[in-house]
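Naming convention: chains lettered A, B, ... in sequence-line order (proteins, then strands); numbering from 1 in each chain. Note: hydrogens, waters and symmetry copies are ignored here, and every other heavy atom, side chains too, is used.
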Amino acid sequence: MEPRSPSQFRAVLRRFVRHRAAVVGLILIIGLVLTAAIAPVSIAYDPYAIALGQSLQGPSLAHPLGTDELGRDVLIRLLMGARTTLMITVGAVGLALGVGASLGLAAGFHGGGVDSLIMRGVDVLMSMPGFLLAIGIIAALGVGTTNVILAVGIYSIPTFARLARGSTLSVKSEEYVTAARAVGVSNGGIMIRHILPNIMPPLMVQTSLRMATAILSASGLSFLGLGPQPPEPEWGAMLAAGRNYMTRAPLLVAFPGLAILMVTLSFNLLGDGLRDSLDPKLKR
Amino acid sequence: MKSRSAVVVLLTAVLLFFTSYSSVPSTPTEARAAQPGQPFRIIDSLEPNSLDPATGTGPFGTVQYALYDTLVGHNEKMEPTPGLATSWQVADDKVTWTFRLRRGVKFHDGTEFNAEAVKFTYERILDPATGAGRRSVYTVIKKVEAPDPQTVRIITDGPFPDLPFLLLDRTSFILSPTAVRKLGNAEFGLRPVGTGPFKFVEWVPNDHITLDANPDYWQRRPRSSRVIYKVVTETAARTAALRAGEADMVMNISPNDQNVLRRDSNIVLVQKDSLTQVQAEMRQTMPPFSDRRVRQAMNYAVDRTAIIKDVMMGLGRIADSPGPPGVWGSVRLTPYEYNPEKAKQLLAEAGYRSGFEGNLFYVSGRWGGDDQVAQALQAYWAAVGIKIQIRKADMAGLDDMLSRDPDTMAGWIAFPVRTSTYLDYHLWRLYETRAARMKGYQRSGYSNPRVDEYLVKARSTFDLNERKRHYEAAQKLIWEDAAFVWLFTRQNLLGVRKGTSGYEFLPTGMVRLHNAGK
Amino acid sequence: MTRHIIRRLLYTIPVMLVVSLLVFGILHVAPGDPAAMLGGEDARPEDVAAIRAKYGLDQPLYIQYGIWIGNALRSDLGRSIVTRRPVLQEVVTRFPYTLELAVAALVAAVVAGMSVGVISATRQYSAIDHGTMVLALLGVSTPVFWLGLMLIFAFSVELRWFPTGGVGSWRHLVLPALTLGAHSMAIIARMTRSSMLEVIRQDYIRTARAKGLVERVVVLRHGLLNALIPVVTVVGLQFGYLLGGAVITETVFSRRGLGRLLIDSINSRDFPTVQGTLMLLAGSFVLVNLLVDTLYAYLDPRIRYE
């Protein structure tokens, strides 16, 4: 394998654009980011202000998705919830990617003692089912947005560490790495300038797929009451609150769930598309 | 090929292993009407931690009422009546009480109920090693004597006219000394022995408790021959079980389910005023809550009527007194109106024109609507500039907060529920300086020397009219001080299948099953 | 072969030790004083101190760990702070509910997932293939709690076919098992499809076809058994996912299993119960992976003849 060249990049791009589902996923994600960015400016109602007399109303012109149990506008809270969700998942996956990829890269590159030390540490994290580990971490640190980021981030580290290590191993003996070493490039330099760019593609694919998992985990933790606390709008928590009113206002449960489903689906589509276009051999 | 068949064998073995496990739980779910002779099935909301009256003090008294009796009984309004004691009087020294005991009463283990058993029960509550949850309330009892098997003498620490009220409390259920000595405290809580209408049969943890009628009960023989008590923690599942006929009685129905149940012709929904007050209690020895205007503003900022109507679905009575409504001596005053403008003005006068920040601390999930009421408070206060962070706690966390030095944690508000069966206990533990600063009590730090004076006076006389006057004066002062943000008194919902009768639904939310049946 | 299994068995010992350290350590990072909890709302400081001494909460951590792991090995997990009953009793009485849920979900996921995968693979690029793969994609993207609530709304509240929650008969198990299994079902379907496609293209299948065997026989006898190998590995991992998902599923369906117990005891800071629950859940994860590895060794010739 050679370092990626501009022509290869164009080939990847071409394959990606032809992957319709992936493009749809990407568009939805861009939409989500924009929504989250403009939500605070665009709102007609205060997402926190209650109006008890108007609680549990169905969709209307004034409230397109109705109101919740305290009379707050559901649409506005969903939009604000997109911010919370994005913040948590980007934070968690960013943490896992940063820590995991560095560890995996170091382990694969150095090998020997460093490798086994790091990988045993990763094994420790994998000795428990991920979601249970996340719950355990929250049991220790307490509930709240920051701790959900940490919990979901920590349990995602092994995925990235293993992937980065594997890819590093396959790249490390390539000619251009040996060449760089021969001309006296430092270890750090080799890792950052020669290995990292070449292990990025699988990491990118994994990041996108992991975002999907992270959204499901984080909203699951919120659903259990371990995530962001009221009145902070968060999709999982909104769903949990709406649960008590399911017979009277089923839409209160339906909408946040659809939002989570759509965002998760988008990241899964994007991840699948990225994988197929980066590695056409796998595509059937 | 050989290894293939090995795989098949292994797979089968694994499956068998799993299915043998998964077939363990099986409970009858078909609807069965309870006939005489058929078990009376009741579903409650919280698995007891222990049936020991001293340590098992959660809201699962229904089982305990079936198992035990108290020395002083009570009627449906929680007023004293003869119980295991037929009569009692207090001597002229105002501290020596003499109780005459009922003859011929036996514990379920066959041992005799007598003065020694009473002495044993009360001394056990007072023994710190027992770990009785309400021990400190009982420290007013200085000495328990048993001069003869039918007489108990109690000497109190100073005059304490409400002793009968204390002795009708669930903590003072009389238990068999023989059984406690034989089993030890922890085990006794799992295999309780009392004198009550029903005998303990078995407790399958997280599944059910079975009780059988006590044929030798000292009152009328219980109407149902067997009681099966189950616990279902989720409100929706309890409602579904009631509708499916899986139980004759379901406790703690959520306000949200009342409309569905009222439409069901097989179900009777009993709505009853409780003694449980919902209120936000501020720590007030430091700013901002040390300023009475701030506390008043917080009272004016909240729309109680809307909370009761739209969050509690009508199941509450607006707070109009610091005392529990309906108990002797509790006065009715004018509720704080919803007036956010006045609230803002009071805050501005107190120097908080731009508001301040604080924390609201509570245990979530203890009663239907608690999360929503907490969020409503948060929003109402935010509207007048007070930014409150909601902090859900567990019981330990809440206890920890309540037991911290009152001069710490400025800006913190506790949001517990308070169920008191008599006025003196309620006013003392929440508003008297001594208790409000005592570790393990309210510790809001509320203090008004004139309130203290009235409360001490009210306690030192046995003249009911005089006591009432003092309590009234104290309550008015507390109300003007806006000691807390009083919201409402809850109304409890009990769901029963049509035809069920004879049960006594108490204002503490529990049920006496002695005469219950179908 | 035997050596492989023995090595794998021995390997579970350090893994369980690590799990126990995690479980123990995690909870001792927690802020707050569990001793205060025991006393209840009206406890006095001396009562709290007595309780602290009784439960060893005033000892250094490594001693507490030593006591704890020593007791755990003698199957004594301490007493629940909330119910005051032995933790072992608490977790053992609830374990069957979680196990029946996880196993039912797994069986549903494997049976449905593999069938769908095989059908898709044999009809590659057909409408059925596309349709099921879209469903599978939805399956991996749907939050488990939402799926559960929607199923409750449709089949319990509206149609009244199944109870809304609780445990008991098989009817109580249908919706929770479907809810929990959906995600794994989707993953297994995708996995089966791609490994079937790979196998179908290989020589021995062509040979089998050339011998004139009926297509169905070819697919089932030759294709499926070989495609099973990667699927078995996924099943082991999925079991871990199912145990985690059971926490949510049990909350949605009010099932009194281990997952529900875990959340309840976190909320009430019932240290011994949280530890016992996590240990049992993680332990069964380790055990199932041991089983899966063994199964894998039987299935995969490369390990069998090592």
Can you tell which part of [X] gets under 4.5 Å to a heavy atom of chain A, answering side chain, backbone, both or neither?
X        : value
B:Ala306 : both
B:Asp371 : neither
B:Ala382 : neither
B:Gln378 : side chain

| request: Can you tell which part of A:Ile50 gets under 4.5 Å to a heavy atom of chain B, answering side chain, backbone, both or neither? | output: both

| request: If the plane angle is over 60° it's perpendicular, under 30° parallel, otherwise tilted; pick one for B:Tyr336 and B:Trp486. | output: parallel

| request: Step by step, work out the side-chain hydrogen bond (donor to acceptor under 3.5 Å, both in side chains) result for B:Asn359 and B:Gln389. | output: CA-CA 5 Å; B:Asn359 293 286; B:Gln389 182 110 37; 6.0 Å; no

| When you look at A:Glu234 and A:Ser222, which way does the side-chain hydrogen bond (donor to acceptor under 3.5 Å, both in side chains) test go after all the steps? | CA-CA 8 Å; A:Glu234 199 279 344; A:Ser222 291; 3.2 Å; yes

| Test: B:Arg497 and B:Asp264 ion pair at under 4.0 Å | no

| message | Is it the case that the side chains of A:Ser55 and A:Tyr245 hold a donor-acceptor pair, with the cut-off being a distance below 3.5 Å and no angle test? | response | no

